[in-house]
Colleague: 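What follows is a single structure, and I will ask about it in a moment.
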Amino acid sequence: MAKTVYDPHTLEPKWQAIWDERQAFRTPSDPAELASKPKFYVLDMFPYPSGAGLHVGHPEGYTATDVIARLKRMQGHNVLHPMGWDAFGLPAERAAVREGEHPATITGRNIDNFRRQIKRLGFSYDWEREVSTCSADYYRWTQWIFLKLYERGLAYMAEVPVNWCPALGTVLANEEVKDGKYVETGDPVERRNMRQWMLKITVYAERLLADLDPLDWPEHVKEMQRNWIGRSEGAEIIFAIAGGDHSFDVFTTRPDTLFGCTYCVLSPEHPLVALITTEAQQREVEAYVAEAAHKTDLQRTDLAKEKTGVFTGAHALHPVTGEPVPIWVADYVLMSYGSGAIMAVPGQDQRDWDFAEQYGLPIVRTVQPPDGFDGQAYVGEGPAIHSDFLDGLEIPTAKARMIAWLEEHGAGNGRVEYRLRDWLFSRQRYWGEPFPVLHAADGEVIPLDYDALPVELPPVDEYKPTQDGQPPLARAGSDWLEVTLPDGRKATRETNTMPQWAGSCWYYLRYLDAHNTELPFSPEAEKYWMPVDLYIGGVEHAVLHLLYARFWHKVLYDCGLVSTVEPFQKLFNQGMILAYSYQDTQGKYYHPDEVEERGDKLFAGAVEVSTQIEKMSKSKLNVVSPDDVISEHGADAMRLYELFMGPLEQQKPWQTTGVEGVYRFLQRTWRLIVDEHDGKLAPKLTDAPAASEPELEKVLHKTIKKVQQDTETLQMNTAISQMMIFVNEATQAKTLPREIASAFLRVLAPYAPHLAEELWSRLGMENLIAHAEWPAYDEALCVDDTITIVVQVNGKKRDELSVPKDADRATLEQLALASEKAGRFLEGREPRRVIVVPGRLVNIVV
RNA sequence: GCGAAAGUGGCGGAAUUGGUAGACGCGCUAGACUUAGGAUCUAGUCCCGUAAUCGGGGUGGGGGUUCGAGUCCCCCCUUUCGCACCA
């Protein structure tokens, strides 16, 4: 008489093998099969396969998408649910330098580990469509799309000021730099002029902004993209320089304040600085410009409080009055925004005010501040003053009038400016996509033919820049580097590589048709599957991957290669999973296993420690590995806990005891169907109809309804609560009709698929529960016959009444007034008003 | 500084359009069954008072609207996240 307890460790590998063998999750590609059902494309942000392996944060999103994928399949959809690897990138290259192995070897090993870990969780991915951005079959098409961009004039080389990271030996995109540091490693970044590949994302600024509105995305992500694109409306104004032919443009959002412009400022990098500086000022200006050039962005922003600058000795002519206005150089004006020059209006701009005070420049108010205003620059509403033909006008009218004047007199025009810059698209790295271009000896850039792709990464002896600062690809042999053109000219290959974001710009399209050797994807597959119906991933990509991918998608749209203007219809960000960490007063961290509770204090051995919730990190000894969780409680418990912890979008701490709770729930579910003493079916299972257990039947239908709705809206924590309620009820019930058990298992199946399959087959079902039909609920069975009504006196709860569900107002009022408990609180007073909310409560007001 | 989101038991978190605050789970307490329990089952568990019935208080703080506020409005505090010399 062998005990047969719930044992995920035998049951989970068994069902995973059966799913594999039967190709249970193969996505159909046959046109007839596709046409027969509606589609659903549910996508995860594919991971970068790091050496550290998966942490419990990854599977949170993956579990949510898997539950949705399984639900949609059961509801009769063709589901596309793929997984792949964002496999080019810096860490593998650094590991290669460290360990002396090829990045491809290291990446391959990491991918194998990630795949193994992900497969243990029983996700219903179609592994036939797995993609890896570093394989030549894939990056061939990344290069192909680059050629499309080049053809359309959207890729160009230019000598531009770039973010150079000396520690990494490469340039970085604006999006990768924050506070003058590389966002991933914190290494400082400095400004340098270099000839680099750029992508004209700015051409798409307006569309990237406008097309955000209808998307079903979290509002804060849309807002972050809007801020990043940074649209502002204003005017471009031309200032001529006194006594010369030179002139410069400024951009301003406040053309109405032009009469308050008492000086102008050029950025230290502005090309005009060297041309207009007077001899007397030359030494001082040159020293200032040189100093600014040596500052990193970090230093430049750190010193933000103290404004510095020098006078060029030159004057500009005020566009309206013709008065001379001194021109200064100051590093609070950035070359990277607008035209790198400003008209300074200290009266209405605090930065200009600070600068004017420091250097004794005049201040003129052109907007009347309210009475009693004692601040410095005034930025609020008010009528124009000291402004000639604008006097008395409110700001919006004054702006329009000034723009009209400028346009009439050829002194400027209305203009929209964006914060978004063109995307710096090349890196001095080895482990990335080679550019499909050649450079002729005369400097001509020659794109390769489409049929010359892929340009494969050549072997090199070292993954470091060369002695003379060339990118690692310059180490390749001359047989790779040197090419003879059909016309006999010599050319060399581009030695920069594409940034790590390139491959992820279009991977969701490759999944549609992952083995196509003629095209990146077929038009038929694209038409059927796009757009992505649900995309889940971390918020860290809000302005990187998600902006870049939208840009490429729009280019592909303009090329007629995709049929939707946006790739991701619905986006959802899962919150980060945190963990408790333990520290003593010295700041030393202790592993959670070492910590025990004594009284109400925590100790690690003899040392008292305090606890806090932090991001998981190796150095804090608080990383939770999915492998450990699965080894202890199984994949189903892991899946369930990931979703039961709390709302998907929220940050929340991992609690080991929480996993035990859901594990117990799975055990109770097992015992509902299986008699643990002999392994046979539980004796309480009956063949009687569901209606033989009317109370349980009602709970079942409520459960189907709630789980279905909550799953669709990604409120999976409450869906799981409801399943727990069902199992608690079913455990209490005298009998369990098979009809009810069968329906419940199908509800459970998307969440705990291994256990559901096992119990389903034990009930004698032949097919896979993964392919079973989602049960329908009966609305009539979702409401109780008798409900509890609250009786309040003056808004305070005084009694509860059990009443039929359809009791009318009059009945409820009568019953409430007859309540003895409530009556006590009336203290003989006459009800002034009685409020009846059918189905809820009766409030007696005295 | 600007913008956004959020503050509910010992803990994670539930609460249709404003309508029983604390679902579900953890932890804790007591009991049962056990050779044993870090297994399982049963009961209890927001706080204060009470043997209990019951009463009072309670969703960061203060005010307001309402028969009724965790939910709506105003002010303040705290936390988290973006952006930040953007002209």
Side-chain angles (χ1 to χ4, degrees), chain A residues 5 178-179 218-228 230-232 234 250-254 257 265 267 300-301 303-307 330-334 336-345 348-352 354-355 417-421 539-540 542-543 575-576 580 597 600 613 640-641 644-647 649-662 664-665 667-668 671 676 715 717-725 727-728 731 788-800 821 824 831-846:
Chain A
V5 296
K178 194 188 152 183
D179 298 333
E219 200 45 50
H220 73 279
V221 175
K222 290 196 203 179
E223 202 52 37
M224 279 166 74
Q225 291 216 353
R226 287 189 194 111
N227 289 340
W228 190 261
R231 183 182 200 275
S232 45
V250 303
F251 174 74
T252 177
T253 54
R254 294 293 302 276
T257 63
V265 184
S267 156
R300 229 162 121 162
T301 47
L303 303 167
K305 303 277 179 310
E306 278 295 294
K307 293 211 169 17
D331 68 0
Y332 82 94
V333 173
L334 308 174
S336 58
Y337 186 74
S339 57
I342 62 158
M343 62 176 219
V345 187
Q348 273 76 229
D349 185 293
Q350 189 60 42
R351 294 158 298 172
D352 297 344
D354 293 343
F355 192 82
E417 181 67 36
Y418 299 92
R419 201 189 82 115
L420 185 69
R421 304 286 90 196
V539 75
E540 65 273 18
V543 287
M576 201 189 313
Y580 288 90
E597 208 179 325
D600 53 359
I613 294 170
L640 230 39
Y641 180 62
F644 185 60
M645 291 173 78
E649 68 277 16
Q650 222 167 76
Q651 288 204 355
K652 46 213 176 271
W654 186 271
Q655 290 181 307
T656 309
T657 50
V659 189
E660 286 161 22
V662 295
R664 274 175 220 158
F665 160 70
Q667 287 179 309
R668 282 203 303 280
R671 286 195 296 265
E676 288 193 320
Q715 293 166 293
N717 52 331
T718 48
I720 294 168
S721 305
Q722 183 61 38
M723 290 192 272
M724 288 172 167
I725 291 170
V727 169
N728 291 346
T731 304
T788 306
I789 287 282
V790 165
V791 182
Q792 296 181 331
V793 177
N794 285 342
K796 279 192 181 299
K797 178 184 161 188
R798 295 304 180 190
D799 198 7
E800 287 179 2
K821 282 181 185 171
R824 266 188 257 154
R832 208 150 43 89
R833 210 172 139 191
V834 180
I835 287 136
V836 182
V837 184
R840 291 269 170 210
L841 55 67
V842 179
N843 188 11
I844 304 166
V845 186
V846 293

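Residue numbering restarts at 1 for every chain, and letters A, B, ... go by the order of the sequence lines. FYI, side chains are in, hydrogens and waters are out, and symmetry mates aren't considered; it's all heavy atoms of this structure.
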Colleague: When you check the glycosidic angle of B:G9, does it come out syn, meaning within 90° of 0, or anti?
Modeller: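 Chi for B:G9 falls in the syn range.
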Colleague: Given a 3.5 Å cut-off on both pairing distances, which stems involving RNA chain B, each at least three consecutive Watson-Crick or G-U pairs, are present, if any?
Modeller: B:1-7 with B:77-83, B:10-12 with B:24-26, B:27-32 with B:40-45, B:46-49 with B:54-57, B:60-64 with B:72-76
Colleague: Apply side chain to side chain donor-acceptor pair (under 3.5 Å) to the pair A:Tyr337 and A:Ser232, showing each step before the final yes or no.
Modeller: CA-CA 11 Å; A:Tyr337 186 74; A:Ser232 45; 3.0 Å; yes
Colleague: Ring centroids only, cut at 6.0 angstrom: are A:Trp654 and A:Tyr580 within range, meaning strictly under it?
Modeller: no
Colleague: Roughly, in whole Å, what's the span from CE in A:Met343 to P in B:A87?
Modeller: 12 Å
Colleague: Closer than 4.0 Å, any side-chain N/O of A:Arg833 to the OP1 or OP2 of B:G68?
Modeller: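 Looking at the OP1 and OP2 atoms of B:G68, neither is under 4.0 Å from any side-chain N or O of A:Arg833.
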Colleague: Taking the nucleotide of RNA chain B with the nearest heavy atom to each, does A:Val662 or A:Gln792 sit closer to the 5' end?
Modeller: A:Gln792
Colleague: If I pick the C1' atom on B:C33 and the same atom on B:G70, what distance separates them, to the nearest angstrom?
Modeller: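 About 43 Å, rounded to a whole number of Å.
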Colleague: With sugar-phosphate meaning primed atoms plus P, OP1 and OP2, does A:Tyr580 contact a base, only sugar-phosphate, or nothing at under 4.0 Å between heavy atoms?
Modeller: sugar-phosphate
Colleague: Nearest whole angstrom, please: distance from the P of B:C24 to the CD of A:Gln655.
Modeller: 18 Å
Colleague: Check every strand shown and say whether A:Val845 touches a base, only sugar-phosphate, or nothing at a heavy-atom separation below 4.0 Å.
Modeller: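 Answer is sugar-phosphate: A:Val845 comes under 4.0 Å of backbone atoms only.
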Colleague: Of all residues at least two apart in sequence or in a different chain, which pass the ring pair (Phe, Tyr, Trp, His ring centres under 6.0 Å) check with A:Phe665?
Modeller: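 For A:Phe665, no residue satisfies ring pair (Phe, Tyr, Trp, His ring centres under 6.0 Å) once neighbours in sequence are set aside.
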Colleague: Treating primed atoms plus P, OP1 and OP2 as sugar-phosphate and everything else as base, which nucleotides of nucleotides 33-51 of chain B get B, S or - for protein heavy atoms under 4.0 Å?
Modeller: -------SSS---------
Colleague: Does a side-chain heavy-atom distance below 4.5 Å link A:Ile789 with A:Val842?
Modeller: yes
Colleague: Please list, chain by chain and in numerical order, all residues satisfying side-chain contact (heavy atoms from CB on, under 4.5 Å) with A:Pro831, sequence neighbours excluded.
Modeller: A:Leu817, A:Val834, A:Ile844
Colleague: Give me the distance, rounded to whole Å, that separates B:C46 from B:U59 when you measure between the C1' atoms they each carry.
Modeller: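 Nearest-Å result for B:C46 against B:U59 at atom C1': 11 Å.
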Colleague: Ignoring hydrogens and angles, tell me if any N or O in the side chain of A:Arg421 forms a donor-acceptor pair with the backbone of A:Tyr418 under 3.5 Å.
Modeller: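 Between the backbone of A:Tyr418 and the side chain of A:Arg421 there is a qualifying donor-acceptor contact (under 3.5 Å).
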Colleague: Can a side chain N or O of A:Lys821 be found less than 4.0 Å away from OP1 or OP2 on B:C54?
Modeller: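 Answer yes for this pair, as a side-chain N or O of A:Lys821 is under 4.0 Å from OP1 or OP2.
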Colleague: What pairs with A:Phe355 under ring pair (Phe, Tyr, Trp, His ring centres under 6.0 Å), at least two apart in sequence or on another chain?
Modeller: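 Ring pair (Phe, Tyr, Trp, His ring centres under 6.0 Å) check on A:Phe355 returns A:Tyr263, A:Trp328, A:Tyr332, A:Tyr359.
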Colleague: If I pick the P atom on B:G19 and the same atom on B:U78, what distance separates them, to the nearest angstrom?
Modeller: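 After rounding to an integer number of Å, I get 31 Å for this pair.
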Colleague: How do A:Val790 and A:Glu223 order along RNA chain B: which one's closest nucleotide is nearer the 5' end?
Modeller: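 Result: A:Glu223.
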Colleague: Find the distance A:Asn843:CG to B:U66:C1' and express it as a whole number of Å.
Modeller: 11 Å
Colleague: Atom CH2 of A:Trp654 to atom P of B:G25: distance rounded to whole Å?
Modeller: 18 Å
Colleague: Please pick, from B:A87, B:C24, B:G27, the nucleotide with the shortest atom-to-atom distance to any side-chain atom of A:Thr657.
Modeller: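 Between B:A87, B:C24, B:G27, the one nearest the side chain of A:Thr657 would be B:G27.
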Colleague: Touch check for A:Gln651, heavy atoms < 4.0 angstrom, all strands: base, sugar-phosphate only, or nothing?
Modeller: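 Sugar-phosphate: the residue A:Gln651, judged by heavy atoms under 4.0 Å, touches backbone atoms but no base.
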Colleague: Distance check, rounded to the nearest 0.5 Å: A:Thr257 atom OG1 versus A:Asp352 atom CG?
Modeller: 9.0 Å
Colleague: Roughly how far, to the nearest 0.5 Å, is CD of A:Gln225 from CG of A:Leu420?
Modeller: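 Here the rounded value is 10.0 Å.
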Colleague: Taking atom P in both B:G27 and B:C11, what distance in whole Å separates the two?
Modeller: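 Between the two P atoms, the distance is 15 Å.
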Colleague: Whole-Å distance between B:G18 C1' and A:Leu841 CG?
Modeller: 11 Å
Colleague: Looking at residues at least two apart in the chain, or sitting in another chain, which of them share a side-chain contact (heavy atoms from CB on, under 4.5 Å) with A:Asn227?
Modeller: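 With neighbours one apart ignored, the set is A:Glu223.
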Colleague: So, is A:Asn728 near the phosphate of B:G25, with a side-chain N or O under 4.0 Å from OP1 or OP2?
Modeller: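 Yes, A:Asn728 has a side-chain N/O under 4.0 Å of OP1/OP2 on B:G25.
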Colleague: Select one nucleotide: of B:A14, B:A4, B:G27, the one nearest the side-chain heavy atoms of A:His220.
Modeller: B:A4
Colleague: If the C1' atom of B:U17 is compared with that of B:C72, how far apart are they to the nearest Å?
Modeller: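 The answer is 12 Å between these two C1' atoms.
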Colleague: Distance check, P atoms only: B:G9 and B:A23, in whole angstrom units.
Modeller: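 Taking atom P in both B:G9 and B:A23, they lie 13 Å apart.
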Colleague: Is A:Lys797 close enough to B:G57 that one of its side-chain N or O atoms is under 4.0 Å from OP1 or OP2 there?
Modeller: no
Colleague: Can you find a side chain N or O atom of A:Asn717 that sits less than 4.0 Å from OP1 or OP2 on B:A14?
Modeller: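 Yes.
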Colleague: Could you give the distance separating B:G3 and B:C76 at their P atoms, to the nearest angstrom?
Modeller: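 Nearest-Å result for B:C76 against B:G3 at atom P: 13 Å.
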Colleague: Which nucleotide in the list B:A87, B:U20, B:C24 gets nearest to the side chain of A:Glu800?
Modeller: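 Looking only at heavy atoms from C-beta outward on A:Glu800, the closest nucleotide is B:U20.
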Colleague: For A:Ile613 and B:A6, what is the distance between atoms CD1 and P respectively, to the nearest whole Å?
Modeller: 19 Å
Colleague: Is the shortest heavy-atom distance from the side chain of A:Lys652 to the side chain of A:Ile613 under 4.5 Å?
Modeller: no
Colleague: For A:Gln715 and B:A23, what is the distance between atoms CD and C1' respectively, to the nearest whole Å?
Modeller: 14 Å
Colleague: Roughly how many Å apart are B:U20 and B:U71, using the P atom of each and rounding to a whole number?
Modeller: 13 Å
Colleague: Between B:A87, B:G13, B:C67, which nucleotide gets closest to the side-chain atoms of A:Ile835?
Modeller: B:C67
Colleague: Taking any heavy-atom pair under 4.0 Å as a contact, classify A:Ile725: base, sugar-phosphate, or nothing.
Modeller: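 Since only primed, P, OP1 and OP2 atoms lie under 4.0 Å of A:Ile725, the category is sugar-phosphate.
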Colleague: Reckon A:Arg798 has a side-chain N or O less than 4.0 Å from the OP1 or OP2 of B:G56?
Modeller: yes
Colleague: B:A84 P sits how many Å from A:Asp349 CG, rounded?
Modeller: 18 Å
Colleague: Just by modelled atom types, is the A:Asp354 backbone N or O under 3.5 Å from a matching donor or acceptor in the A:Lys307 side chain?
Modeller: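 Here the side-chain-to-backbone pair does not exist.
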Colleague: Taking only side-chain nitrogens and oxygens of A:Gln650, does any of them come within less than 4.0 Å of OP1 or OP2 of B:G13?
Modeller: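 So the side-chain polar atoms of A:Gln650 do come within 4.0 Å of the phosphate oxygens OP1 or OP2 of B:G13, strictly under.
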